[in-house]
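Beneath this line is the structure, given in structure tokens, with notes to follow.
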Amino acid sequence: MAELEKRFDRAEEQKIYEKWEKSGYFKPETNKGKDKGEFSIIMPPLNANGNAHLGHALMVTIEDILIRYNRMIGKETLWLPGTDHAGFETQVVYEKVLEKEGKTRFDYERDTLYQMIWDFTESNKSNIKNQLRALGSSCDWDREKFTLDKDIIETVYKVFKKMYDEGLIYRGNRIINWDPYHQTGFSELEVAHKERKTNLTYIKYQIKGSNSYITVATTRPETMLGDTAIAVNPEDKRYQSLIGEIVILPIINREIPIIADGAVEMEFGTGAVKVTPAHDPLDFEIGERHNLPAIQVIDKNAKMTAEAGKDYEGLHVKKARAKVVETLESLGLVEKVEEITHNAAVCYKCGRDIEPLLSEQWFIKTKDLAKRAIKAVEDGEIKFVSKRFEKIYFNWMENLKDWNISRQIVWGIRIPAWFCECGEIIVSEGDEPKECPKCKSPKLTRDQDTFDTWFSSAQWPYAALDWPNGKDYKKFYPTDVMETAWDILIFWVARMIMMGIYITDNVPFKTVYIHGLIRDSKGQKMSKSKGNVINPMDIIAGYGTDALRFSLVIGNAPGNDLNFDENKIKGNRNFVTKLWNIARFIQMNAPQAKEVSRETFTIADQWILSELETLKETMTKHIEKYELHLAAEALYDFVWYKFADWYVESSKYYLNDHQTTGNTQGVLRYVLSETLKLSHPFMPFVTEAIWQGLELSDKMLIIEEWPQKEYKRDKAASDEFEIIQGLVAKIRNLGLTKDDSHTIQKKELENISPSHIELIANLARIKKINLS
RNA sequence: GGGCGCUUAGCUCAGUUGGCUAGAGCGACUGGUUUACACCCAGUAGGUCACAGGUUCGAGUCCUGUAGCGCCCACCA
């Protein structure tokens with residue numbers, strides 16, 4: 001047996017990890033035949049476009065704790081790792097790489113660009129996987145998946161076709177959020193809103209056949225070139241008589257009707273609104289209800305089209321806006337201009353303006369999918385930790401819109417649809433179609449677009465498990481826990497629930513554990529631009545993985561954001577060292593396994609064993625309830641303030657008495673080994689290192705059994721030991737030295753056996769206690 | 001406009017279904033080189049649990065309202 005070093009060497013962590021990985025214990029097969037059931041977690045696929053951050057560290061820590069605990073319980077435990085191509089996100093990252101070389105993505109052919117991003121992604125993947133290893137992730141790397149794996153794409157295609165055939169997916173020319181800078185459409189979720197001051201222009205439209213006008217207010221005067229109606233609220237008394245009248249659209253001189261629609265707010269502006277179905281989401285809806293034509297006056301580069309008239313064609317919207325206002329003013333049609341603050345739609349990544357415009361895209365009808373997804377949570381088939389996230393989930397699901405799943409980018413899963421000249425759309429889940437089934441023409445062009453990344457990640461739970469026939473799918477679906485951060489609750493979790501139920505007729509997971517965001521010490525979000533990002537690998541290098549993991553978990557209630565504080569890490573590094581030193585003490589003083597005899601337990605033995613039983617119960621209960629922060633706290637308290645401070649201290653006295661030496665050694669080793677098992681999910685490295693260093697068994701700690709109830713408590717003995725602790729503390733605070741003696745009154749020793757007076761003197765580090 | 005949180009010791013936060021004198025870590029202060037550990041040991045101080053009502057034998061915990069802070073969603077053109 002090699003002697004433990006003075007300090008736990010962080011470099012050992014890597015070796016321990018290699019041993020584990022080589023052993024195959026990360027695989028569910030480790031517990032095959034134990035008949036304790038299954039436990040599974042699919043790891044949220046990591047974006048393969050950068051390095052691991054502290055959020056990943058938190059995710060891995062929580063999941064790894066659950067996995068290691070369940071593995072020790074004896075369940076067949078699957079933790080499936082994966083990476084995500086992260087379509088648009090990765091493209092944005094990669095565009096920055098290109099920018100440094102003075103290029104843009106439009107400088108490359110589709111296939112070349114795809115290959116370049118592929119290579120970029122591959123190198124990131126291997127980095128990030130090594131970072132997960134450094135964090136101690138005991139996931140089954142042989143089952144790793146990538147969202148662009150062949151089998152995943154096949155699943156995505158199969159599902160797309162099924163949804164198309166069943167009418168849940170349709171292609172439509174609808175208003176979408178277009179990003180002229182990135183040249184792609186977005187779903188509602190990728191649009192951010194920025195408060196901004198802007199002019200609200202009041203424009204007069206002449207009513208046909210009269211000299212009177214109706215005034216509308218708009219922040220986007222240039223879109224008036226595409227107006228096809230004026231709308232007022234049907235309840236609005238001011239405009240009752242005008243409904244059905246025709247107005248002359250200035251500049252263009254188009255005749256458009258005044259219509260009534262309930263969506264119009266009477267309080268805003270003049271209560272009359274210009275309707276531009278092609279360039280405003282609300283107007284689009286009004287247009288649909290009233291069968292209004294949609295005239296596209298803005299193109300995908302945010303420039304005016306020919307429809308806007310030759311005076312405006314080619315002008316950028318901002319220039320066109322100024323020109324329209326100028327022209328209207330010269331015609332005397334601008335009533336007034338007010339400055340207002342409103343929320344402008346911008347790209348969530350770069351903050352540039354979003355242009356709502358008409359575009360052919362693929363949409364998912366979400367209404368029915370949402371209904372079932374809501375019910376599953378209402379019925380408790382899926383539970384959220386913490387429960388408050390259910391409210392957010394419901395709030396969003398009840399207001400869902402159809403989901404635009406097509407993106408005009410190269411990096412992603414290409415949509416398997418072909419268009420024929422005859423107008424037919426062919427969706428194929430497999431090979432490229434040879435000819436149009438309708439007109440038999442062989443001239444088919446494939447859709448250029450790719451899927452929204454979330455369309456594939458929404459399918460992750462069943463796709464990664466090889467739905468529908470895979471062995472893992474049959475055994476582990478639905479998974480037990482989906483663990484992720486709250487900021488992708490609706491992007492991802494909600495959509496997985498919808499897709500999972502639709503495809504498998506079963507929920508994709510039973511519990512959703514939501515963790516918080518990690519902020520800097522001042523509570524600010526970490527971001528590259530602020531320069532306050534902390535790299536978990538630096539923390540690991542400085543303090544060790546165990547200290548980092550423990551710090552991320554202790555005192556952090558599920559779902560709450562966490563302010564990262566290096567002092568906390570330091571404190572928990574000290575805790576790791578504490579455990580290490582307990583082990584060193586035991587190695588020196590109880591080097592061999594010893595049988596214990598229960599009949600001759602000392603009060604200290606009784607006390608620590610009783611406390612240990614309590615700890616086992618407490619920790620098990622907390623972990624089962626996903627209260628990892630409380631489990632960690634109980635562990636910390638036991639190891640430091642009970643085991644180290646009192647039991648190890650009193651063992652110094654008992655080890656010197658040959659009558660109690662053997663039992664004390666046995667109990668020291670026993671309590672240590674049980675403590676290591678209980679600590680292992682939280683601090684896997686140091687515990688395994690001690691376990692093997694002290695040769696506590698011939699198995700690795702990672703596959704030891706989670707501690708079960710073992711000792712019956714002797715309450716009287718434990719109580720007595722606690723009274724002694726109080727007494728000792730009091731005496732120690734008197735500032736006596738080892739040569740002093742101290743006199744105490746007999747009545748203070750009421751519940752203490754006289755045989756323990758020497759123990760008290762010993763713990764108090766004084767020579768002798770006299771009684772008076 | 002709708003929704004969700006937060007407000008507990010100087011700082012960062014716990015506090016499970018309402019139940020003993022409200023806890024931890026860090027910091028501060030007092031004392032201690034004790035044969036595992038100064039990345040240590042024994043202690044001390046510090047809180048009208050944001051505020052105001054209510055329910056209850058009992059409220060940090062449940063209800064109502066107020067204030068401050070934060071976040072999410074949303075079609076004020």
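In what follows, chains carry the letters A, B, and so on, assigned in the order in which the sequence lines appear, proteins first and then strands, with residues in each chain numbered from 1.
- Rounded to whole angstrom, the span from the CZ atom of A:Arg732 across to the C1' atom of B:G43 amounts to 10 Å.
- The gap from the P atom of B:U34 to that of B:U16 amounts to 43 Å, rounded to the nearest Å.
- The nucleotide whose nearest atom lies closest to any side-chain atom of A:Asp645 is, among B:A42, B:C37, B:A77, B:A42.
- Residue A:Arg220 is out of contact with every strand shown, counting any heavy-atom pair closer than 4.0 Å.
- A parallel orientation is assigned to the rings of A:Phe643 and A:Phe638, their planes being inclined by less than 30° (bins at 30° and 60°).
- Applying the 4.0 Å criterion to OP1 and OP2 of B:C41, one finds that A:Trp640 has a side-chain N or O inside that range.
- When the nearest nucleotides of RNA chain B are assigned to A:Asn581 and A:Thr577 by heavy-atom distance, the more 5′-ward of the two goes with A:Asn581.
- A side-chain donor-acceptor contact under 3.5 Å links A:Gln587 to the backbone of A:Leu4.
- Judged by distance alone with a 3.5 Å cut-off, no donor-acceptor contact links the side chain of A:Gln725 to the base of B:A42.
- Side-chain N or O atoms of A:His279 include one that pairs as donor or acceptor with a backbone N or O of A:Pro356 at under 3.5 Å.
- Each of B:C40, B:G25, B:A77 was ranked by its minimum atom distance to the side chain of A:Val264; first place goes to B:A77.
- With B:C40, B:A77, B:A42 as the choices, the nucleotide that has an atom nearest any side-chain atom of A:Lys274 turns out to be B:A77.
- The residue A:Ala729 sits close only to the backbone: its heavy atoms come under 4.0 Å of sugar-phosphate atoms, none of a base.
- Side-chain contact between A:Lys738 and A:Lys767 is absent, with no heavy-atom pair separated by less than 4.5 Å.
- Closest to the side chain of A:Arg584, from the set B:G43, B:G5, B:C37, is B:C37.
- Contact of A:Arg388 with B:C4 (side chain to base): no donor-acceptor pair of N or O atoms is detected under 3.5 Å.
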Under the rule of Watson-Crick or G-U wobble with both distances under 3.5 Å, where | means paired to another strand and [ ] a crossing pair, RNA chain B maps to (((((((..((((.....[...)))).(((((.......))))).....(((((..]....))))))))))))....

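- Not a single donor-acceptor pair under 3.5 Å links the side chain of A:Asn199 to the backbone N or O of A:Glu339.
- Across the P atoms, B:C20 and B:G60 are found 10 Å apart, a figure rounded to whole Å.
- In this structure, A:Phe186 and A:Asp179 have side chains that are in contact, with non-hydrogen atoms separated by less than 4.5 Å.
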Do any N or O atoms of the protein come closer than 3.5 Å to N or O atoms of nucleotides 9-16 of chain B, and which pairs are they?
residue : atom : partner  : partner atom : Å
B:U12   : O3'  : A:Asn563 : ND2          : 3.4
B:C13   : OP1  : A:Asn563 : ND2          : 3.1
B:C13   : O2'  : A:Gly555 : O            : 2.8
B:A14   : OP1  : A:Asn560 : ND2          : 2.4
B:A14   : O5'  : A:Gly555 : O            : 3.4
B:G15   : OP1  : A:His629 : NE2          : 3.0
B:U16   : O2'  : A:Lys625 : NZ           : 3.2

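- Distance noted for atom C1' between B:U17 and B:C71: 28 Å (whole Å).
- Here the options are A:Arg196, A:Arg321, A:Arg220, the test is salt bridge (charged side-chain N to carboxylate O under 4.0 Å, His left out), and the partner is A:Asp353; only A:Arg196 passes.
- Using a 4.5 Å heavy-atom cutoff, the side chains of A:Ile608 and A:Phe721 are not in contact.
- Separating the CD atom of A:Glu267 from the P atom of B:C76 is a distance of 14 Å, rounded to the nearest angstrom.
- Among the atoms of the strands shown, none is found under 4.0 Å from any heavy atom of A:Phe550.
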Protein-nucleic acid N or O pairs under 3.5 Å, nucleotides 67-74 of chain B:
residue : atom : partner  : partner atom : Å
B:A74   : N6   : A:Asn343 : ND2          : 3.2

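- The distance between atom CG of A:Leu736 and atom C1' of B:U30, rounded to the nearest whole Å, is 15 Å.
- Protein atom CG of A:Leu225 is 19 Å distant from nucleotide atom P of B:A77, rounded to whole Å.
- The distance from atom CG of A:Asn556 to atom CD1 of A:Ile518, rounded to the nearest 0.5 Å, is 7.5 Å.
- Of the P atoms belonging to B:A28 and B:U55, the separation is 47 Å, rounded to the nearest Å.
- The side chain of A:Lys578 contributes no N or O atom lying less than 4.0 Å from OP1 or OP2 of B:C39.
- B:U44 and B:C39 are spaced 24 Å apart, taking the P atom of each and rounding to whole Å.
- Contacts of A:Val576 with the nucleic acid, taken as non-hydrogen atoms under 4.0 Å apart, are absent.
- A donor-acceptor pair under 3.5 Å is absent between the side-chain atoms of A:Thr215 and the main chain of A:Tyr202, judged by distance alone.
- A:Ile760 places its CD1 atom 16 Å from the C1' atom of B:A42, with the value rounded to the nearest Å.
- A straight line from CD of A:Glu285 to P of B:C75 spans 9 Å, rounded to a whole angstrom.
- Rounding to the nearest 0.5 Å gives a distance of 7.5 Å between OG of A:Ser651 and CD1 of A:Ile586.
- Remark: side-chain polar atoms of A:Arg238 are paired, donor with acceptor, to backbone N or O of A:Met266 under 3.5 angstrom.
- In this structure, CD1 of A:Ile586 is placed 12 Å from P of B:A36, rounded to the nearest angstrom.
- On the C1' atoms, B:U66 is 14 Å away from B:U7, given to the nearest whole Å.
- Summarising the geometry, the separation between CG on A:Asn733 and C1' on B:A45 is reported as 13 Å, rounded to the nearest angstrom.
- Within 4.0 Å of A:Lys652, counting heavy atoms only, lies at least one base atom of the nucleic acid.
- Within 4.0 Å (heavy atoms only), A:Ala583 reaches no atom of the nucleic acid at all.
- Here the closest heavy-atom approach between residue A:Arg495 and residue A:Leu189 is recorded as NH2-CD1, 3.4 Å.
- The closest side-chain heavy-atom distance from A:Ile62 to A:Tyr513 is below 4.5 Å.
- Within 4.0 Å (heavy atoms only), A:Val216 reaches no atom of the nucleic acid at all.
- In summary, the aromatic rings of A:Phe550 and A:Phe575 are positioned with their centroids under 6.0 Å apart.
- Nucleotides B:A24 and B:G47, compared at atom P, are 15 Å apart to the nearest Å.
- The P atoms of B:U21 and B:U64 are separated by 28 Å, rounded to the nearest whole Å.
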